[in-house]
Amino acid sequence: MTVRKFRQADWEEPLIFELSHEGRYGFHPPEAEEGIRDEVNVEWLVPQGIARETPAGLPEVSEMEVLRHFIHLSQMNYGVNSGLIYPLGSCTMKYNPIINEVLASHPSLTGAHPDQDPSTVQGILEFLYKLKQGYLSVTGMDDATLQPAAGAHGEWTGIMLIRAYHHDRGESAQRTEIIVPDSAHGTNPASAAMAGYKIVEVPSNPDGTVNLDALKAVVGPQTAGLMLTNPNTLGIFDHQIAEIAEIIHGAGGLMYYDGANLNAIMGKCRPGDMGFDVVHVNLHKTFSTPHGGGGPGSGPVGCKAILAKYLPVPDIVYRDGKYTLSYDSPKSIGKVHGYYGNVNVMLKAYAYMLTMGPEGLREASELSVLNANYIARKLKDTKGLSLPFAPEKPRMHEAVLSAQKLSEDTTVRALNVAKNLLDHGLHAPTIYFPLIVPEALMVEPTETEPVEALDDFIEVVKKTCELAYTNPQEALKAPVNTVVGKLDEAKAAHPKTICLSWRKLCQLIAE
Amino acid sequence: MNRAHPYLPNSVPEIKEKMMDEIGVKSIDDLYVNIPEKLRFKGELQVPGPYTELEMKKQVSDTLEKNTPLKCPPFLGGGVWPHYVPSVVDEVVHRAEFLTSYTPYQPEISQGILQSIFEYQSLICELVEMAVANASMYDWSSALGEAALLASRLNHRDTILVPTHISPSRLAVLKTYTGPAGMRVEKVNNDSESGMMDLEDLTNRVDDKTAAVYVETPSYLGFAEENVEAIGEITHDKKALYVTGVDPISLGLLKAPGSYGADVVVGEGQPLGNHMSYGGPLLGIFACNHDNAIIRQMPGRIIGITETIADKRRAFVMTLQTREQHIRREKATSNICSNEALCSVAGAVYLSLLGPNGLRDLAETCTSRAHYAIRRINEIDGAKAPHFNSYHFKEFTVKYSNRKAADVNKVLLAHGYQGGKPLKPEFPELGESALFCVTEMHTKKDIDGLMAALREATH
């Protein structure tokens with residue numbers, strides 16, 4: 001077992017603007033050829049009133065300086081493929097295969113314009129079509145759109161389908177509410193609100209499942225639908241799901257599946273079979289595409305046949321041996337993205353699907369569940385920690401521990417536990433979410449972590465808890481091995497000191 | 001052969017069994033007991049594979065290579081444009097530390113991505129001459145949708161006025177975004193000669209219901225809007241928000257929106273170091289003035305400067321998070337969570353490489369070559385460019401007098417050229433026209449080759 005002596009690289013890197021020297025270039029765009037310059041004079045072309053008078057205040061830096069600057073910055077950052085375990089709950093930070101990046105850089109893909117004649121992009125349309133077929137099988141849905149660019153974008157698109165359905169049936173004025181459990185991701189209520197709905201929250205049972213009595217009490221003719229993630233954000237599979245679907249459907253509402261947690265159940269059970277009518281899946285979670293420091297992701301939306309006619313346009317269809325784009329969908333909600341979504345990300349997901357195959361996807365889910373339970377069982381009895389909500393129940397792909405006792409006993413909070421992990425070269429779990437768990441540490445190791453990495457994680461958490469009891473002051477110091485220590489977040493948001501750009505920084509310095 | 005999958009280290013039977021032993025379960029299915037029997041999936045997923053890396057690489061490459069190779073990049077624009085991506089940009093965005101990280105929830109270990117995004121925000125602010133930019137939206141279209149919603153939240157009005165020839169896909173997305181909020185999207189007339197927004201019609205239309213006036217420059221059809229200042233004044237007279245949409249490359253030559261009174265700037269950052277990739281991922285630019293009311297209504301993530309508590313060292317954090325969904329839930333300013341962060345890093349590297357002079361040089365090359373193409377097209381019988389008598393930046397319309405635009409494209413394709421986008425389905429009043437785009441990716445030789453094919457196609 002190795003608790004490593006981790007030190008993050010620290011270059012004290014200046015801002016790119018501070019590296020600027022007048023006259024330097026980092027890149028030369030080609031100039032128009034002589035034969036063109038002879039004929040066309042830019043100065044005569046651009047009307048005086050709209051010509052830029054002062055050049056943009058961009059830095060002037062040579063090529064190598066730019067490269068070094070950003071490589072230095074990269075070395076002051078932490079990724080799945082470069083670090084150790086990245087157990088950020090709800091985010092499914094699994095290995096991002098290199099071959100998928102190689103394929104996504106193929107010039108046949110990167111150089112294609114979305115308005116090209118479909119006959120010239122048959123290869124792209126083919127993989128998109130096949131990705132969609134695989135997606136339908138994994139989710140148990142009848143039809144899908146790949147257009148949404150992220151998970152939340154997919155949620156909103158899905159709720160827009162529900163909205164269109166009720167509208168079509170003349171019930172849109174009446175059905176004004178979307179129900180979400182108190183354990184839901186913040187994006188769920190935000191997406192439903194953006195689609196024009198009022199949010200009704202239902203509480204969870206002591207075992208983390210939806211409280212059916214509370215649900216029945218709020219369901220009615222005003223219900224448009226329910227948004228649920230199953231397994232939920234506690235990592236618990238809600239066994240009452242068929243009953244929940246019956247209650248919602250019985251009232252004329254529809255069931256929305258938040259696919260953020262799909263990584264637990266591929267090939268084991270399917271949202272379509274659980275009674276869901278519409279789902280989104282985060283390809284950047286379950287299908288291994290990298291998260292890019294916050295994006296781009298991809299959030300395809302699948303639905304049952306009753307909702308298919310409302311899907312965004314265009315759809316990719318295969319007819320007479322050719323793939324084409326069809327805009328023939330009069331009841332469509334329209335478009336949610338300028339083009340067809342994050343196609344480059346989709347290629348990586350497609351490559352992942354082929355590498356795993358049906359058995360591999362199932363095994364990935366099983367091992368993600370095994371890994372999460374391994375951590376949960378080995379940590380739940382650690383002094384200061386607990387596994388709230390039915391500790392005896394197995395977890396799925398993630399588990400939420402609470403550091404409430406630790407915090408009360410020692411003042412070392414979940415936040416401090418997280419910072420201690422950083423000091424050992426491990427990424428922290430998601431903290432303070434879900435909101436129904438005090439001092440939450442939401443751990444999702446994923447299936448790509450070897451047991452040795454899980455053991456390291458477990459040991460560091462245990463050591464941190466021990467330290468909290470023996471020397472809390474020491475535990476509160478973390479992080480000390482990262483580029484910077486604790487930050488003044490209040491200053492960043494204060495109206496007097498807020499600084500969101502180089503321009504503002506120059507002003508503040510001048511004052 | 002039953003080999004452990006390379007991505008699944010614990011699939012080795014002994015490891016799996018030892019782990020199960022240690023947590024007291026006999027089989028993996030013991031962990032799935034909460035899934036009712038009748039809901040368990042008994043079939044096999046209809047997914048091809050598994051393939052080894054080598055097999056999969058061959059298969060996916062073969063599929064992609066079914067695309068038709070072209071002689072030069074497509075002569076297409078409209079919201080995604082063929083521009084060169086310098087090698088340094090690709091090198092940086094493939095760094096595992098950036099590529100495989102997520103939202104910097106733990107700032108101490110994420111200073112790299114935080115500073116990069118801060119620099120992106122700062123570079124965009126310089127480019128558009130605004131005070132604040134966010135970390136990114138999905139694309140220009142969704143940025144526009146969010147801008148309209150922001151305007152309506154700020155001034156409690158419900159109409160957004162847009163130009164006649166707004167990009168149809170941006171218009172479609174705008175309508176999807178604003179529909180649930182009960183907003184109306186209305187077009188303002190344009191001048192039939194120049195294409196510019198009709199100021200008289202605008203003056204008559206802007207009233208106390210107008211949440212925002214939106215202008216795109218260069219327009220979807222490629223001409224630069226010359227009345228940007230006057231439009232801003234008319235808009236502000238009625239206390240509506242002035243939203244402008246830009247192609248960032250054009251700002252090497254054209255005035256920045258901040259200099260003509262824009263309150264919110266949106267645009268497409270794809271040309272800033274991001275490949276076209278069949279239309280995604282894109283990079284939605286979103287910038288605004290340093291007006292606290294607007295900033296607090298801004299959608300999306302924002303990175304700010306702060307300092308360490310102990311030694312007052314400069315550092316970066318996500319800030320103003322109380323606007324965002326993970327804190328504010330249904331009261332958030334937007335539902336956006338995952339955005340296009342890595343595309344914004346590409347944007348930061350790109351703008352740092354080009355600098356002010358490189359950007360101007362690039363814009364000059366694009367517009368010079370576009371105008372060279374326009375001159376050559378006008379020498380062809382049966383083709384005329386552009387429709388509007390105005391300055392066009394790098395895109396322009398070509399009207400065919402005796403052929404259908406789709407048929408012209410077929411002939412061009414047979415010669416290895418992807419011609420402009422046929423416009424008749426979108427704007428029937430323009431007749432058999434197509435929207436062409438010429439950039440630094442198209443050499444004089446490419447343009448001359450296109451002309452030879454075009455001559456044949458319009459013959």
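Chain letters run A, B, ... following the sequence lines, proteins first and then strands; every chain starts at 1. No hydrogens, no waters, no symmetry mates; every other heavy atom, side chains included, goes into these values.
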Non-hydrogen atoms of chain B under 4.5 Å away: do they reach the side chain of [X], the backbone, both or neither?
X: A:Arg37; answer: neither
X: A:Pro59; answer: both
X: A:Ala192; answer: neither
X: A:Leu367; answer: side chain
X: A:Met356; answer: both

Verdict with reasoning, B:Glu108 to A:Lys486, per salt bridge (charged side-chain N to carboxylate O under 4.0 Å, His left out): CA-CA 7 Å; B:Glu108 298 92 340; A:Lys486 282 183 197 150; over 6 Å; no
Intermediate values then yes/no, ring pair (Phe, Tyr, Trp, His ring centres under 6.0 Å), A:His153 and B:Tyr138: CA-CA 9 Å; A:His153 205 206; B:Tyr138 306 130; 4.1 Å; yes
Mutual orientation of the aromatic rings belonging to B:Tyr278 and A:Tyr340 [parallel < 30°, tilted 30-60°, perpendicular > 60°]: tilted
Aromatic plane relationship, B:Tyr84 with A:Phe27 - under 30° parallel, 30 to 60° tilted, over 60° perpendicular: parallel
Nearest heavy atoms of A:Val484 and B:Arg313, plus distance in Å: CG1-NE, 4.0 Å
Option in B:His326, B:Arg360, B:Glu44 with maximal non-hydrogen atom pairs under 4.5 Å from chain A: B:Glu44
Taking every non-hydrogen pair under 4.5 Å, which of [options] racks up the most with chain B?
options: A:His291, A:Lys419, A:Arg52; result: A:Arg52
options: A:Gly49, A:Pro495, A:Gly297, A:Pro55; result: A:Gly49
options: A:Val61, A:Asn371, A:Val102; result: A:Asn371

With sequence neighbours excluded, residues passing side-chain hydrogen bond (donor to acceptor under 3.5 Å, both in side chains) with B:Tyr372: B:Asp448
B:Glu364, part contacting chain A, at a heavy-atom distance under 4.5 Å: both
Residue B:Asp30 versus chain A: region with a heavy atom under 4.5 Å: backbone
Trace of the salt bridge (charged side-chain N to carboxylate O under 4.0 Å, His left out) decision for B:Lys16 with A:Glu363: CA-CA 11 Å; B:Lys16 207 152 104 178; A:Glu363 198 175 14; 3.7 Å; yes
Verdict with supporting geometry, B:Arg369 and A:Glu33, salt bridge (charged side-chain N to carboxylate O under 4.0 Å, His left out): CA-CA 9 Å; B:Arg369 287 186 174 163; A:Glu33 293 83 345; 3.1 Å; yes
Side chain to side chain, B:His275 and A:Asn344, heavy atoms closer than 4.5 Å: no
Heavy-atom side-chain proximity of A:His69 to B:Glu119 below 4.5 angstrom: yes
